[in-house]
Number of protein chains: 2
Amino acid sequence: MEETRGQLEASVGFWMGITYRKLSTMLQQRLRPYGLTPEQWSVLYTIQRSDRLIQKEIAELTHKDKPTTTRILDQLEEKGFITKKVGELDRRAFVVHATDKGREVIKETASIEQSLSEEVRSIMTDEEYRLLINILLRVHDHVDAKLQS
Amino acid sequence: MEETRGQLEASVGFWMGITYRKLSTMLQQRLRPYGLTPEQWSVLYTIQRSDRLIQKEIAELTHKDKPTTTRILDQLEEKGFITKKVGELDRRAFVVHATDKGREVIKETASIEQSLSEEVRSIMTDEEYRLLINILLRVHDHVDAKLQS
DNA sequence: ATCAATTAGTTGCTATGACAACTATATACC
DNA sequence: GGTATATAGTTGTCATAGCAACTAATTGAT
């Protein structure tokens with residue numbers, strides 16, 4: 001079956017990228033009316049869920065590097081979804097929290113992300129789903145460990 | 001186990017993205033000495049494998065859109081890995097083929113991509129690997145069908 | 001207490017990808 | 001044959017990500 005899919009079918013990495021981008025595009029289309037991209041959504045969701053995080057913590061939770069986090073936060077701030085406040089204990093750090101508008105947009109859009117997740121989940125068995133997550137985490141951790149060295 | 005991984009663990013899409021980027025970064029680091037990125041590598045590999053493709057075909061085989069394909073081909077051409085020739089039958093199209101230098105660099109680097117693929121494959125059973133590919137394709141096809149409409 | 005090393009965040013550069021608007025050529029319809 | 005439509009490719013814009021170099025504040029070592 002895979003033989004009909006082009007020359008790179010043997011490389012699970014390429015298929016992971018292709019499938020991920022398709023999923024991301026679909027979420028992007030559904031979120032567009034709310035003025036959020038999928039990555040902005042995930043950052044805002046993380047902020048709103050655990051309020052009073054600093055950027056470093058947001059970066060860790062969302063698995064983004066610091067420059068990417070800075071820029072996504074800039075966009076969320078421009079759109080009025082978050083505010084940044086210089087840390088009281090550590091004046092290098094910014095404490096980020098969601099505005100009412102930010103909490104509101106997450107409330108409105110949470111079902112969009114959730115329904116896409118459920119849609120994906122529905123095309124496989126629970127056992128397959130569990131295994132998929134498990135394999136992704138194993139691959140991630142393996143490669144992550146190698147990248148440190 | 002997944003509960004310790006942050007707030008987005010329920011969304012397989014986010015984990016697919018995070019894991020894919022880790023894999024891509026690792027391949028990027030290993031390919032760097034050869035002056036190729038993972039995406040450039042996959043395009044050049046595809047060209048060198050089925051010579052005399054036109055850009056549209058390359059785009060389809062590598063699952064990239066036309067603008068992205070144009071730009072990656074521009075970079076490969078600048079580096080002397082490919083040449084473009086106006087099509088004889090269809091003067092809108094460019095026939096792309098790999099130069100000796102392009103074929104040489106794929107020969108030198110094929111083992112890098114292969115060993116990373118094998119490394120990934122080694123951290124799961126054959127059955128898990130088969131299932132992973134199969135699930136990725138199913139998700140891809142499902143979302144792809146939805147995106148058309 | 002001072003100076004070095006660490007840490008939080010920013011800025012710049014490059015690559016990729018989605019999307020829209022565009023040019024040039026080819027095909028179809030009448 | 002001429003016009004409408006489709007197709008191949010390009011260009012521009014924005015968002016994300018990796019990487020390197022940077023600033024400012026903090027911590028640590030003596």
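To find a chain, count down the sequence lines: A is the first, B the second, and so on, and within it residues start at 1. Just the heavy atoms: all of them, side chains too, but no hydrogens, waters or symmetry mates, feed the values below.
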Is [X] near enough to [N] that one of its side-chain N or O atoms lies under 4.0 angstrom from OP1 or OP2?
{"X": "B/T70", "N": "D/dT10", "result": "yes"}
{"X": "A/K84", "N": "C/dT10", "result": "yes"}
{"X": "B/Q28", "N": "D/dA17", "result": "no"}
{"X": "A/Q75", "N": "D/dT16", "result": "yes"}
{"X": "A/R92", "N": "D/dT26", "result": "no"}

Any N or O donor-acceptor pair linking the side chain of B/R71 to the base of D/dG12 at under 3.5 Å?
-> yes

Name the closest nucleotide to the A/P67 side chain, picking from D/dC19, C/dA18, D/dA25.
-> D/dC19

Counting side-chain heavy atoms from CB outward, which of C/dG9, D/dT10, C/dA18 is closest to A/Q55?
-> C/dG9

How close or far is atom P of C/dT7 from atom CG of A/D65, stated in whole angstroms?
->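 The distance from CG of A/D65 to P of C/dT7 comes to 17 Å, rounded to the nearest Å.
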
Which donor-acceptor pairs under 3.5 Å do the side chains of residues 82-89 of chain A make with protein atoms, sequence neighbours left out?
unit_1	atom_1	unit_2	atom_2	d
A/T83	OG1	A/H97	NE2	3.3
A/K84	NZ	A/Q55	OE1	3.1

Contacts under 3.5 angstrom, residues 72-81 of chain B side chains, donor-acceptor by atom type, not counting sequence neighbours:
unit_1	atom_1	unit_2	atom_2	d
B/Q75	OE1	B/Q40	NE2	3.0
B/K79	NZ	B/G35	O	3.1
B/K79	NZ	B/Q40	OE1	2.7

For DNA chain C, which residues in residues 31-40 of chain B have a heavy atom at a distance below 4.0 Å?
->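 The stretch gives B/T37, B/E39, B/Q40 as the residues lying under 4.0 Å from the strand, ordered by number.
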
